[in-house]
There are 2 protein chains.
Amino acid sequence: MSPLRADAQRNYDAVVSAARAAFAANGTQSSLDDIAEQAGVGNATLYRHFPTRDSLIVETLRLPLAELAAVARELGDSTDPRAALREWVVQLAAALADWNGLADAVAASLTDEGSALRLACQPLQLATFKLLTRAQDASGARRDLTAEELFDLTLAVAWRGGTSRYADLLFDTLN
Amino acid sequence: MSPLRADAQRNYDAVVSAARAAFAANGTQSSLDDIAEQAGVGNATLYRHFPTRDSLIVETLRLPLAELAAVARELGDSTDPRAALREWVVQLAAALADWNGLADAVAASLTDEGSALRLACQPLQLATFKLLTRAQDASGARRDLTAEELFDLTLAVAWRGGTSRYADLLFDTLN
DNA sequence: ACCTGAACACCGTTCAAGT
DNA sequence: ACCTGAACACCGTTCAAGT
């Protein structure tokens, strides 16, 4: 929790910026050595700050995750729980499809107990649970579907591109 | 098309056997060097016979692909086109989920023009088209869904394990 | 404390040399 | 014709040496 030394902070930020650019351009499987080089930093410095690829992905996802959290809060107040759930699925699928390989990374993290990415996704799973339950209580979604299943299927939609077409098809499943 | 020399044929078969065992145990991303070693063959011999990983996967899939083709033929004669389509989706998803990484390999091959795996999957896509069209003509499936979309979504179901639960949920989309 | 380049083990792919 | 081990370039990860 102690603040980083100034040069360490600079390196940290440079790595995160380079990682974001590399992930956007070449997906989350981008070479970590390349990212370190783009950041103008020794490769071991990257590992010092981010011992796992997941931990680096999580840091680059900070903003999108915050945005999704805001979306979930808004939708939780909607007067149309069914429409709110639809919108959530669409936005979640789109966000998880933003970078190539991200859906794979998230899916793998779900079975990796200590993963930082898994931890970072828990708010998304919780939001899915809340919005699904609310829709079910308003008879806006079938009762035999669990939040785990819906999150998993949304992830699968993201894996195939995260288009709203597929998200809509998935949503039609909820009737 | 000329037959292989006897020792070459032996090596070929040994590689395919070792690949099948490795794919079943560790997924389709198994190390090719390991497979060659397990087969008791130099690594370059593996490459001589299978210039790409996809081509090796296709050869190991020969039997399951033939079985799926037989299933498709049977279902094409069913008197209940809607039930037949459901069964096809369930079986296709299960087959594509049989090995870890197989769904990823197939998905990647779809955008890889010269892939042997893409070619090998074309009969599956054609069967999906035929069975979907037949169900649609019998008012057993929504008309706004294309065979490409259904195949793609079935692949996504396979990616998440290929359980019949998910295949059923996907099927409920077809109403 | 933090950084660095090099080392290590691994992988996919290619090639010169063998029979 | 076919096989082989070694070579090459690459990657993730770790470590001894620096400041």
Side-chain angles (χ1 to χ4, degrees), chain A residues 1-19 21-23 25-60 100-102 104-105 108-109 112 114-117, chain B residues 1-19 21-23 25-60 100-102 104-105 108-109 112 114-117:
Chain A
M1 306 304 147
S2 60
L4 288 175
R5 220 169 61 181
D7 59 336
Q9 183 67 55
R10 249 193 322 272
N11 283 340
Y12 185 99
D13 294 340
V15 167
V16 174
S17 286
F23 291 164
N26 306 313
T28 56
Q29 323 297 342
S30 299
S31 153
L32 297 179
D33 269 27
D34 278 357
I35 291 173
E37 194 184 342
Q38 284 297 316
V41 150
N43 55 357
T45 297
L46 182 150
Y47 280 94
R48 154 173 289 266
H49 290 304
F50 304 101
T52 64
R53 183 184 292 270
D54 273 9
S55 63
L56 180 55
I57 292 177
V58 166
E59 189 54 44
T60 59
N100 206 334
L102 181 55
D104 299 83
S109 82
D112 180 359
S115 164
L117 184 53
Chain B
M1 303 306 146
S2 59
L4 287 175
R5 221 168 61 182
D7 59 336
Q9 183 67 53
R10 249 193 323 271
N11 283 340
Y12 185 100
D13 295 341
V15 167
V16 173
S17 286
F23 291 165
N26 307 312
T28 56
Q29 323 297 341
S30 298
S31 154
L32 297 180
D33 269 28
D34 277 358
I35 291 172
E37 194 183 344
Q38 284 297 315
V41 148
N43 54 357
T45 295
L46 182 150
Y47 280 95
R48 154 173 289 266
H49 290 303
F50 304 102
T52 64
R53 182 183 293 270
D54 273 9
S55 63
L56 180 55
I57 292 176
V58 166
E59 189 54 43
T60 59
N100 206 335
L102 181 55
D104 299 84
S109 82
D112 181 358
S115 164
L117 185 53

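Every chain is numbered from 1 and lettered A, B, ... according to where its sequence line falls, protein lines coming before strand lines. No experiment lies behind these values; they were computed from the predicted model shown.
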**Student:** Using a cut-off of 6.0 Å, state whether more than 12 heavy atoms not belonging to A:Glu37 lie near its atom CD.
**Tutor:** no

**Student:** Measure from CG on A:Asp33 to P on C:dA7 and round the result to the nearest Å.
**Tutor:** 15 Å

**Student:** Base, sugar-phosphate alone, or nothing: which one does A:Ala8 contact when heavy atoms must sit under 4.0 Å apart?
**Tutor:** sugar-phosphate

**Student:** Test for a donor-acceptor pair under 3.5 Å between the base of C:dT13 and the side chain of B:Asn43, counting only N and O atoms.
**Tutor:** yes

**Student:** Distance only, no hydrogens: is a donor on one side chain within 3.5 Å (strictly under) of an acceptor on the other, for B:Asn11 and B:Thr45?
**Tutor:** no

**Student:** Could you state the atom-to-atom distance from CG of B:Leu46 to P of D:dC3 in whole Å?
**Tutor:** 11 Å

**Student:** Please report the distance, rounded to the nearest Å, between CG in A:Asp34 and P in D:dC10.
**Tutor:** 9 Å

**Student:** Atom CG of A:Asn11 and atom P of C:dA1: how far apart are they, to the nearest Å?
**Tutor:** 17 Å

**Student:** Round to the nearest Å and state the distance from A:His49 atom NE2 to C:dC2 atom P.
**Tutor:** 8 Å

**Student:** Considering every strand shown, what is the Watson-Crick or G-U wobble mate of C:dT13 when both distances are under 3.5 Å?
**Tutor:** D:dA7

**Student:** Is the number of heavy atoms from other residues, nucleotides or ligands under 6.0 Å of A:Glu59 CD greater than 12?
**Tutor:** yes

**Student:** Can you tell me if CG on B:Asn100 sees more than 12 non-hydrogen neighbours from other groups inside 6.0 Å?
**Tutor:** no

**Student:** Mind checking who C:dT19 pairs with, Watson-Crick or G-U wobble, both distances under 3.5 Å?
**Tutor:** D:dA1

**Student:** From C-beta outward on B:Leu32, which listed nucleotide comes closest to its side chain: C:dT13, D:dC3, D:dC15?
**Tutor:** C:dT13

**Student:** Which nucleotide in the set C:dG12, C:dT4, D:dC3 lies at the smallest distance from any side-chain heavy atom of B:Arg48?
**Tutor:** D:dC3

**Student:** With a non-hydrogen cut-off below 4.0 angstrom, is A:Ser31 in contact with a base, only sugar-phosphate, or nothing?
**Tutor:** sugar-phosphate

**Student:** Just how far, in rounded Å, is P of C:dC2 from CG of A:Asp13?
**Tutor:** 14 Å

**Student:** Can you identify which nucleotide, out of C:dC3, D:dT14, C:dT14, has its nearest atom closest to the A:Tyr47 side chain?
**Tutor:** D:dT14

